[in-house]
Amino acid sequence: MKNPKIKLIYDKLYSAFGPQHWWPGDSPFEVIVGAILTQNTAWKNVSVSIQNLKNNKVLTPRELYDLPLEKLGSLIRSSGYYNLKAKRLNNFLNILFSGYEGDLGKMLDQEGKTLRNVLLDISGIGPETADSIMLYAGGKLSFVVDAYTRRIFSRHKLIEEGLPYDELKHFIEKNLPGNLKLYNEYHALIVRTGKEFCSNKDPKCSLCPIREI
DNA sequence: CTCCGGACTG
DNA sequence: CAGTCGGGAG
């Protein structure tokens with residue numbers, strides 16, 4: 001028994017905003033680095049860090065792994081939590097080189113559930129980052145939940161506010177067709193809606209594309 | 001001053 | 001559960 005509102009909301013948002021072209025990035029590795037750097041951080045600040053890494057020619061697993069933590073931290077400073085995130089990037093690279101010979105393809109080609117568990121075992125990669133990597137770097141059918149998702153769906157009385165991550169993820173997935181492009185756009189559209197209309201403080205409900213639902 | 005495309009530790 | 005990490009933009 002599907003709840004038609006989940007797909008309906010997507011249709012409304014897509015009609016209002018169109019394709020969002022996520023994830024911005026030239027390679028799966030760039031997507032992964034961005035996913036870790038953007039944790040609780042505005043994307044604009046992350047893009048500066050990514051550009052720094054590119055300018056220094058270290059945006060590859062090998063080069064980044066060989067970079068001292070202190071140097072890495074200075075390059076990603078604009079993303080905030082830079083000491084913490086330098087370690088988190090290194091934690092990821094440790095697994096990539098110890099388990100997959102530094103070969104991203106080898107890591108990402110694993111079956112979905114296996115890959116998700118591998119990622120979640122890395123300190124610094126939680127459920128949202130893992131799902132972002134799965135979907136946007138690995139092309140896996142894994143819906144990404146974030147704070148906006150919870151806020152929008154609970155404000156529309158579709159879920160309880162405190163619904164745990166995995167339950168919210170499953171609720172959405174079971175009410176949507178299993179389509180990669182749909183998962184990709186939906187999360188991006190939710191982020192856009194959250195920023196423009198469903199803010200915590202001063203929501204613009206009267207102007208929101210899904211105000212009728 | 002608050003908020004951001006979270007996650008870990010105590 | 002709360003505290004911590006943190007620069008950048010509004």
Side-chain angles (χ1 to χ4, degrees), chain A residues 9-10 13-14 17-53 69-95 116-138 140 142-155 160-169 172 182-204:
Chain A
I9 288 175
Y10 171 78
L13 293 179
Y14 191 85
F17 298 128
Q20 299 299 297
H21 311 291
W22 273 36
W23 187 293
D26 300 329
S27 69
F29 186 63
E30 182 175 335
V31 172
I32 292 169
V33 170
I36 291 173
L37 292 184
T38 200
Q39 291 169 354
N40 201 37
T41 297
W43 179 256
K44 179 178 289 186
N45 298 334
V46 174
S47 59
V48 173
S49 301
I50 300 264
Q51 196 54 52
N52 284 341
L53 296 173
L69 276 184
E70 200 169 294
K71 175 71 175 171
L72 175 54
S74 72
L75 291 176
I76 63 171
R77 183 170 165 277
S78 67
S79 297
Y81 311 137
Y82 51 88
N83 289 313
L84 183 59
K85 285 171 178 176
K87 283 182 195 162
R88 290 180 175 180
L89 288 169
N90 212 53
N91 292 341
F92 172 82
L93 291 165
N94 265 323
I95 299 301
R116 192 166 194 267
N117 287 328
V118 167
L119 293 171
L120 289 176
D121 273 338
I122 300 172
S123 178
I125 297 186
E128 180 179 343
T129 306
D131 287 327
S132 295
I133 292 172
M134 300 263 293
L135 180 62
Y136 295 107
K140 307 287 189 188
S142 190
F143 198 90
V144 181
V145 170
D146 69 340
Y148 292 131
T149 314
R150 179 171 285 99
R151 187 184 303 155
I152 291 171
F153 280 70
S154 65
R155 278 180 174 170
E160 314 242 339
E161 197 172 347
L163 193 65
Y165 185 99
D166 285 334
E167 292 179 35
L168 175 49
K169 171 185 171 71
I172 295 174
L182 174 68
Y183 279 31
N184 182 319
E185 288 294 345
Y186 204 165
H187 173 63
L189 287 165
I190 284 173
V191 171
R192 171 128 183 218
T193 307
K195 283 198 277 205
E196 291 188 22
F197 299 97
C198 208
S199 51
N200 194 11
K201 258 188 100 180
D202 181 30
K204 310 270 189 292

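Side-chain atoms are counted along with the backbone in the values below, which use heavy atoms only and exclude waters and symmetry mates. Because the structure is a prediction, the values reported are computed rather than measured.
Looking at Arg150(A), its side chain does come within 3.5 Å of a backbone N or O of Leu163(A) through a donor-acceptor pair. When atom types are taken as modelled, the side chain of Thr38(A) and the backbone of Gly34(A) share no donor-acceptor pair closer than 3.5 angstrom.
No contact: Ile190(A) has no heavy atom under 4.0 Å from any strand. In this structure, Ser199(A) reaches neither bases nor backbone, as no heavy-atom distance under 4.0 Å exists between it and the strands shown. The residue Asn200(A) sits apart from the nucleic acid: no heavy atom pair falls under 4.0 Å. Heavy atoms of Lys85(A) sit nowhere under 4.0 angstrom from any nucleic acid atom. As judged by a 4.0 angstrom heavy-atom cut-off over every strand, Gly126(A) is placed among residues touching the sugar-phosphate backbone only.
Using a 4.0 Å cut-off, no side-chain N or O of Arg88(A) falls inside it from OP1 or OP2 of dG6(B). At dG8(C), none of the side-chain N or O atoms of Lys44(A) fall inside 4.0 Å of OP1 or OP2 (strictly under the cut-off). Side-chain N/O atoms of Asn40(A) include none lying less than 4.0 angstrom from OP1 or OP2 on dA7(B). For the OP1/OP2 pair of dC8(B) and a distance below 4.0 Å, the side-chain nitrogens and oxygens of Tyr81(A) include no atom meeting the criterion. Taking side-chain N and O atoms only, Thr41(A) has no distance below 4.0 Å to OP1 or OP2 of dG7(C).
Taking atom C1' in both dT2(B) and dG6(C), the straight-line distance is 14 Å, to the nearest Å. Spacing of C1' atoms, dC5(C) relative to dC4(B), comes out at 14 Å, to the nearest Å. Rounded to whole Å, the separation between the P atoms of dA7(B) and dG8(C) comes to 23 Å.
For dG7(C), the base is not stacked against the aromatic ring of Tyr82(A), per a cut-off of 5.5 Å between centres and 30° between planes.
Between Phe143(A) and His187(A), the ring-plane angle classifies as perpendicular under the 30° and 60° cut-offs. Using cut-offs of 30° and 60° for the angle between ring planes, the Tyr186(A) and Phe153(A) rings count as tilted.
Listed nucleotides: dG8(C), dG5(B), dC8(B). Nearest to the side chain of Trp23(A): dG5(B).
Along DNA chain B, the nucleotide nearest to Ile122(A) and the one nearest to Trp22(A) differ in position, and the one closer to the 5' end is contacted by Trp22(A).
Between Asp131(A) and Arg116(A) there is a salt bridge, since at least one side-chain N of the basic residue sits less than 4.0 Å from a carboxylate O of the acidic one.
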